[in-house]
Amino acid sequence: MARIKAVFERLQAQGRKALIPFITAGDPDPRLTVPLLHALVRAGADIIELGVPFSDPMADGPTIQRASERALAKGVSLRQVLMQVTDFRADNQQTPIVLMGYANPIEAMGVEAFAAAACAAGVDGVLVVDYPPEEGVEFAQTLRRYALDPIFLLAPTSSDARIAQVGALASGYIYYVSLKGVTGSASLDVAAVAARIPEIRARTGVPVGVGFGIRDAATAAAVAEIADAVVVGSRIIEEIERSASDKACANVITLVADIRRGMDGVAEA
Amino acid sequence: MHDHDLPDASGHFGPYGGVFVAETLIAALDELKEAYAAAQRDPEFIAEIDYELKHYVGRPSPIYHARHLSDVLGGAQIYLKREDLNHTGAHKINNCIGQALLARRMRKPRVIAETGAGQHGVATATVAARYGMECVVYMGSEDIRRQAANVYRMKLLGASVVPVESGSRTLKDALNEAMRDWVTNVAETFYIIGTVAGPHPYPMMVRDFQSVIGRESITQMQEQCGRQPDAVIACVGGGSNAMGIFYPYIPVAGVRLIGVEAAGEGIETGRHAASLTAGRPGVLHGNRTYLLQDDNGQIIETHSISAGLDYPGVGPEHAWLKDSGRAEYVSVSDVEALAAFHDLCRLEGIIPALESSHALAYAARLAPTLPKDKLLLVNLSGRGDKDMHTVAEKSGIKF
């Protein structure tokens with residue numbers, strides 16, 4: 001909980017925005033996950049979203065779906081994902097990790113047991129895609145008892161009442177889905193996003209990250225001008241997908257570092 | 001008027017049901033909820049559905065006393081609610097008419113659907129043709145291979161059939177893909193879900209549209225037998241035909257409600273689709289319900305000879321009816337269902353769907369244990385023409 005808040009405070013003092021890359025745990029191989037997490041940090045990640053693979057990722061597009069399938073084919077479970085976070089924490093105590101996934105693997109473990117294990121592993125926040133605020137009240141309370149930030153989604157279609165509802169539950173940051181559709185969708189209308197961010201920030205009092213459809217440094221830079229954080233997912237997964245496994249870390253560093261430079265260039269200007 | 005006044009305002013049936021979807025779908029579901037509530041209060045909408053069900057679907061479907069089958073079984077009398085006689089050959093059309101008319105009211109020119117065996121896809125393609133709507137049906141590539149005739153049927157009716165290559169390439173993956181389409185094209189698209197599952201208001205809405213089966217049954221049993229049956233028996237995959245016949249009977253005392261799941265090759269083999277019998281509660285496809293899942297909460301592949309029952313979840317209202325004890329859930333294997341299929345063909349001259357054959361198989365198990373004056377009402381949810389290939393294959397016959 002403290003780590004995410006500290007990151008946003010530090011960046012604000014520096015006049016910079018947070019870069020939040022997403023990868024799916026266990027993709028393409030469980031042995032690569034911890035090295036990839038460290039690579040993302042080296043490339044300039046401020047917070048990392050780590051996807052927990054699920055057999056039926058309804059809100060994801062084909063790219064993240066395939067990543068989930070590759071991880072599940074290697075037998076990656078929620079318990080293993082938590083072990084990977086523990087391993088990462090042995091060498092990194094600064095970079096917050098947010099687990100992102102679907103409700104069923106967590107409910108299968110038991111919400112309380114999961115929260116305790118995630119806290120012990122060094123997880124900082126949890127985003128459950130299919131827990132909207134009306135189904136996520138108890139879950140958010142449980143997370144808070146274990147010093148974990150409940151991260152929620154908001155969408156262009158979210159009403160003012162819902163924004164307030166999410167604001168009452170969320171801490172850490174809010175993930176604003178920048179367009180209609182699933183993860184990895186094509187394009188993003190920066191102007192339309194810009195129109196919503198200030199009111200969300202005002203109504204929730206929590207930093208706002210923007211994701212869905214951010215595929216390059218230029219878009220990331222444009223989004224960094226208006227949001228507190230930029231989330232990049234499918235584009236990184238694609239890079240991992242087309243890299244030989246011994247090149248994946250290096251290629252991800254090149255990609256993410258480029259996005260980082262784009263964002264910082266804007267912030268410095 | 002109804003002591004089972006569920007779901008509550010937030011779509012829950014006790015601990016089950018709900019709205020477990022990403023934020024991106026919430027506005028669409030809210031719009032649907034409002035439109036459905038308004039339509040239910042509109043006598044014109046109700047009258048239009050009634051007209052279509054009568055003149056286009058051919059309702060009411062009769063109740064038929066299967067005397068020969070009852071005599072052979074030597075116990076309780078078996079009555080069949082003949083949903084197989086509906087236009088398109090199954091109960092699925094009842095729901096599709098309702099949702100398509102709602103889509104038209106909401107001025108959505110495009111409808112999408114998921115389908116497993118193709119029955120709901122055919123019913124959706126049918127109503128889309130009837131009301132002049134664009135229609136896209138998502139179907140697992142594995143199911144497309146197994147159900148070539150139904151794929152062709154949908155195309156004849158003007159629908160596009162999109163193969164789904166993700167996951168197990170079956171019904172659950174088609175449902176995931178249809179949801180993705182909906183969230184992307186929500187302004188002009190209405191998603192016609194085929195069963196009593198999914199996020200609220202779908203389980204309630206599909207149940208309401210299918211309840212015509214149970215309402216007719218109550219009237220018809222009174223007319224034909226002077227009383228209500230001792231038990232109502234229906235097969236359960238997602239559970240729409242069962243919910244349709246059960247729902248009006250929930251407040252009727254003395255009527256047992258028995259849902260029959262697919263035990264496939266046997267519950268003990270793990271190759272089955274019996275979510276209520278062998279599953280645990282979890283969250284999938286927008287609702288909390290009983291699911292077939294592994295210890296890590298991943299959804300597992302199911303098996304049934306009947307593609308329409310081959311689904312790892314079940315409607316949340318069935319989960320509630322199971323826990324509350326108002327309904328009982330049992331299971332029947334592929335072999336038992338096939339035997340019941342052949343019996344109905346030969347003894348009554350009716351070729352039942354393999355789905356409905358599960359309900360028939362349980363009736364055949366139950367009837368001999370009861371006296372001859374007891375009445376069992378079996379929902380014959382569909383006809384078996386679509387299953388010719390499967391049954392022939394099992395009998396070692398090639399066309």
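So that the names make sense, note that chain A is the first sequence line, chain B the second, and so on, each numbered from 1.
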Check: B/Asn296 and A/Phe54 side chains under 4.5 Å, non-hydrogen atoms: no
dist A/Glu135:CD -> B/Ser10:OG (nearest 0.5 Å) comes out at 6.5 Å
| said: Would you say that more than 12 heavy atoms from the other residues, nucleotides or ligands in this model lie under 6.0 Å from the CD of B/Glu301, or not? | reply: no
If one checks every heavy atom of B/Glu177 against chain A at 4.5 Å, the contacting part turns out to be side chain
Considering only distance and modelled atom types, tabulate donor-acceptor pairs under 3.5 Å from the side chains of residues 110-117 of chain A, sequence neighbours left out.
from	atom 1	to	atom 2	distance (Å)
A/Glu112	OE1	A/Arg145	NH2	2.8
A/Glu112	OE2	A/Arg145	NH2	3.3
A/Glu112	OE2	A/Tyr146	OH	2.7

Bottom line for B/Ile300: the part with an atom under 4.5 Å from chain A's heavy atoms is neither
- Is the number of heavy atoms from other residues, nucleotides or ligands within 6.0 Å of CZ (B/Arg107) greater than 12? no
Looking only at B/Leu175, B/Asn176, B/Asp294, most heavy-atom pairs under 4.5 Å shared with chain A are made by B/Asn176
Query raised in the report: Crowded around B/Arg280 CZ? As in, over 12 foreign heavy atoms under 6.0 Å?
Result: yes
Turns out that what part of A/Arg162 lies under 4.5 Å from chain B's heavy atoms comes down to side chain
The reported gap from CG in B/Asp295 to CZ in A/Arg79 (rounded to nearest 0.5 angstrom) is 9.0 Å
Exactly one candidate in B/Val21, B/Val283, B/Val19 meets side-chain contact (heavy atoms from CB on, under 4.5 Å) with A/Asp130; the answer is B/Val283
### Message
Quick one, A/Asn104 with B/Leu291, criterion side chain to side chain contact (heavy atoms under 4.5 Å, CB included). Give me CA distance, side-chain angles, the key distance, then yes/no.
### Response
CA-CA 10 Å; A/Asn104 205 52; B/Leu291 300 174; 3.8 Å; yes
Within the side chain of A/Glu69, is there an N or O that forms a donor-acceptor pair under 3.5 Å with the backbone of B/Gly167? yes
Answer key: most heavy-atom pairs under 4.5 Å with chain B among A/Ala155, A/Ala108, A/Pro132 is A/Pro132
When the 4.5 angstrom heavy-atom criterion is applied to A/Ile106 and chain B, the contacting part is neither
For atom CD of A/Glu138, decide whether the heavy atoms of other residues, nucleotides or ligands shown that lie under 6.0 angstrom number more than 12.
no
The interface call for B/Ile299 against chain A, heavy-atom contacts under 4.5 Å, is both
Check: Does the pair A/Glu107/B/Arg288 count as a salt bridge with the N-to-O cut at 4.0 Å?
Finding: yes
d(B/Ser168 OG, A/Asp56 CG) to nearest 0.5 Å is 7.5 Å
When rounded to the nearest 0.5 Å, the distance separating CG of B/Asp30 from OG of A/Ser159 is 7.5 Å
Here the pair of heavy atoms bringing B/Lys172 nearest to A/Ser55 is NZ-O, 4.0 Å
Residue from A/Ser68, A/Pro57, A/Gly136 scoring the most non-hydrogen pairs under 4.5 Å with chain B is A/Pro57
So, the part of B/His285 with a heavy atom under 4.5 Å from chain A: the answer is both
Do other residues, nucleotides or ligands put more than 12 heavy atoms under 6.0 Å from B/Arg169 CZ? yes
Original post:
Among side-chain atoms of B/His200 and A/Glu134, is any donor-acceptor pair under 3.5 angstrom?
Top reply: no
Look at the side chain of B/Arg180 and the backbone N and O of A/Asp60, then say whether any donor-acceptor pair between them is shorter than 3.5 Å.
yes
Inset, instruction - Flag the pair B/Glu23 / A/Val177 as yes when at least one side-chain heavy-atom distance between them is below 4.5 Å, and no otherwise. - result: no
For B/Gly286 and A/Met58, the nearest pair of non-hydrogen atoms, with its separation, is N-CE, 4.4 Å
Kindly indicate whether the side chain of B/Thr24, heavy atoms from C-beta on, has any atom under 4.5 Å from the side chain of A/Leu153.
-> no
